[in-house]
Enquirer: 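Below is one structure. I have some questions about it.
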Amino acid sequence: MHKSPLQTIGEEQTQNPYTELLVLKAHHDIVRFLVQLDDYRFASAGDDGIVVVWNAQTGEKLLELNGHTQKITAIITFPSLESREEKNQLILTASADRTVIVWDSDTGRQVQRISCFQSTVKCLTVLQRLDVWLSGGNDLCVWNRKLDLLCKTSHLSDTGISALVEIPKNCVVAAVGKELIIFRLVAPTEGSLEWDILEIKHLLDHQDNILSLINVNDLSFVTGSHIGELIIWDALDWTMQAYERNFWDPSPQLDTQQEIKLCQKSNDISIHHFTCDEENVFAAVGRGLYVYNLHMKRVIACQKTAHDSSVLHIAKLPNRQLISCSEDGSVRIWELREKQQLAAEPVPTGFFNMWGFGRVNKQASQPVKKQQENATSCSLELIGDLIGHSSSVEMFLYFEDHGLVTCSADHLIILWKNGERESGLRSLRLFQKLEENGDLYLAV
């Protein structure tokens, strides 16, 4: 059967800044979650039920939070009320032991524990503006900062809520199986002192279970399903703005029969994760990466076989870069480039040539021929391959100053560092130490 070849990169990864790594060991099972606490700290959690707080700069383990008896199913941060500054964060964790625990991220103290749930809480979200948080399992509950239950829905489904995001007008949208349910929160008024949560609308356009749901901007959100349906919704009136399902082939001039057969194996087109910027939605579809342009309402770039198995998490970096991690144990860095190759231009040699990935010729300032309406106008070029984990990489966090943090089913967390930057910092520290000791005499 025809399969797109996996793109590879040589030993000399000249554009990959991550040349040093620190391996962080504290967990005894799959590490599924990473959450950033501030500019230099993050927390990790997973199937061993432990939460660990780390220093992203040094890799030092700061705190270990023990309280859950089963695996952790969701984790979020909630800025503490005492000081509205970023530094004092609360951490909320949900577990398969049917509890939610609130922790102080500075001391590791268990602030409170809620154990009245009928089912496992699978998602948590904070509505900063209303100063409440929501827990989603077989039902949806609304809590205040003191952990009072303000209101809850009736039992929604046995499958439970798989994802939850805030949308305008005091509403939230919940993914429940293949349905999206819009709920409105009603805050207390003079007439009514009670909080309430109302089921407003059911959106039934997906044909299969919804795996991913994120806000694109203030006006729209996007959902992705198990069979590769991407739907962009209006966040104000909940109508469908765009629908895309042709992920196996954005360029119709190719012979697609084998490609379609290959990709219709449902695990090949599940949309596991989204990220976005002002112009594009980036989707992890099966083993591939797709860039969907919001303005043109079409796929402008794709890498059908970005990894050897499913892509689990993606994030957009500054300077048109994208990072992806996969069940295959690898973490890859991509650059979104415009295809500016004209027929008259010399074709570059090497592996990227067969992918149409030639380096953009800076001198070529002649106008680019109008692309065919459905052809991809950009390419994703592999610029870094981070090999360090021996099992599925579940997710990662990007710190502008401290590098990249990845977590895996191999129980490890790896802190990937920018080698040049680290080397510069070491030299600087050495000079400072010499200066302090009086060993460094600067010429006047």
Side-chain angles (χ1 to χ4, degrees), residues 1-9 29-34 46-47 71 73 122-123 159 162-163 175 177-178 206-214 222-231 244-250 258-276 281-292 299 301-316 322-334 380 382 384-397 404 406-414:
M1 181 164 286
H2 166 73
K3 226 179 190 185
S4 304
L6 185 74
Q7 203 182 334
T8 54
I9 190 165
D29 208 331
I30 298 173
V31 190
R32 293 189 193 272
F33 304 105
L34 297 169
D47 290 7
K71 69 178 184 179
T73 51
K122 293 181 181 170
C123 45
T159 51
S162 56
K178 53 178 93 166
H206 276 290
Q207 305 298 304
D208 207 331
N209 287 344
I210 297 161
L211 302 179
S212 40
L213 158 67
I214 64 160
V222 60
T223 51
S225 78
H226 184 62
I227 52 168
E229 306 159 293
L230 175 152
I231 303 181
E244 176 68 55
R245 205 194 141 180
N246 300 321
F247 281 120
W248 45 78
D249 188 50
Q258 292 166 307
E259 195 80 45
I260 289 172
K261 272 186 210 138
L262 171 77
C263 282
Q264 273 174 332
K265 287 191 274 175
S266 58
N267 64 335
D268 268 341
I269 52 170
S270 293
I271 303 179
H272 283 287
H273 196 238
F274 286 121
T275 188
C276 53
V281 169
F282 302 85
V285 185
R287 296 175 302 148
L289 297 172
Y290 289 76
V291 184
Y292 181 88
V299 172
C302 71
Q303 188 56 266
K304 292 172 195 165
T305 321
H307 287 269
D308 275 327
S309 45
S310 293
V311 180
L312 300 182
H313 193 87
I314 50 175
K316 173 81 171 46
L322 187 70
I323 297 190
S324 58
C325 68
S326 161
E327 283 176 354
D328 67 12
S330 71
V331 179
R332 300 187 132 200
I333 308 170
W334 309 85
L380 282 168
L382 182 63
D385 201 353
L386 308 182
I387 306 295
H389 287 291
S390 59
S391 190
S392 172
V393 181
E394 300 294 311
M395 73 170 285
F396 56 84
L397 282 180
L404 194 67
T406 54
C407 67
S408 166
D410 63 11
H411 311 182
L412 300 177
I413 292 162
I414 296 181

Enquirer: Between Ile227 and Gln207, does a side chain to side chain contact (heavy atoms under 4.5 Å, CB included) hold up when you go through it step by step?
Expert: CA-CA 8 Å; Ile227 52 168; Gln207 305 298 304; 3.7 Å; yes

Enquirer: Would you confirm whether Ser408, through its side chain, and Ser391, through its main-chain N or O, come within 3.5 Å as a donor-acceptor pair?
Expert: yes

Enquirer: Which residues satisfy the side-chain hydrogen bond (donor to acceptor under 3.5 Å, both in side chains) test with Thr223, sequence neighbours excluded?
Expert: His206, Trp233

Enquirer: Can you name the side-chain hydrogen bond (donor to acceptor under 3.5 Å, both in side chains) partners of His313, sequence neighbours left out?
Expert: none

Enquirer: Does a donor on one side chain sit under 3.5 Å from an acceptor on the other, for His273 and Ser212?
Expert: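 Looking only at side-chain atoms, Ser212 and His273 do not form any donor-acceptor pair under 3.5 Å.
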
Enquirer: Using salt bridge (Lys or Arg N to Asp or Glu O under 4.0 Å) as the criterion, list what pairs up with Asp410, not counting sequence neighbours.
Expert: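 Applying salt bridge (Lys or Arg N to Asp or Glu O under 4.0 Å) to Asp410 gives none.
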
Enquirer: Looking at residues at least two apart in the chain, or sitting in another chain, which of them share a side-chain hydrogen bond (donor to acceptor under 3.5 Å, both in side chains) with Ser330?
Expert: His307, Asp328

Enquirer: State, with a plain yes or no, whether a side-chain heavy atom of Gln303 is found less than 4.5 Å away from one of Tyr290.
Expert: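 Not touching, per the 4.5 Å side-chain cut-off.
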
Enquirer: Are more than 12 heavy atoms, taken from residues, nucleotides or ligands other than Lys71, located less than 6.0 Å from that residue's NZ atom?
Expert: no

Enquirer: Checking Leu322 against Thr275 for the side chain to side chain contact (heavy atoms under 4.5 Å, CB included) test, could you report, in this order, the C-alpha distance in whole Å, the side-chain angles of both residues, the deciding distance, and whether it holds?
Expert: CA-CA 9 Å; Leu322 187 70; Thr275 188; 4.1 Å; yes

Enquirer: So, for Trp334 and Ser324, which heavy atoms are closest and what is the spacing to 0.1 Å?
Expert: NE1-OG, 2.9 Å

Enquirer: With a 3.5 Å distance limit and no angle check, can you tell me whether Ser326 reaches the backbone of Ser310 through a side-chain donor-acceptor pair?
Expert: yes

Enquirer: Name all residues meeting the salt bridge (Lys or Arg N to Asp or Glu O under 4.0 Å) criterion together with Glu244; count only those two or more places apart in sequence or in a different chain, and write none if there are none.
Expert: none

Enquirer: Under the side-chain hydrogen bond (donor to acceptor under 3.5 Å, both in side chains) rule, collect the residues that match up with Asp385, sequence neighbours excluded.
Expert: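 Only Arg332 meet the side-chain hydrogen bond (donor to acceptor under 3.5 Å, both in side chains) criterion with Asp385.
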
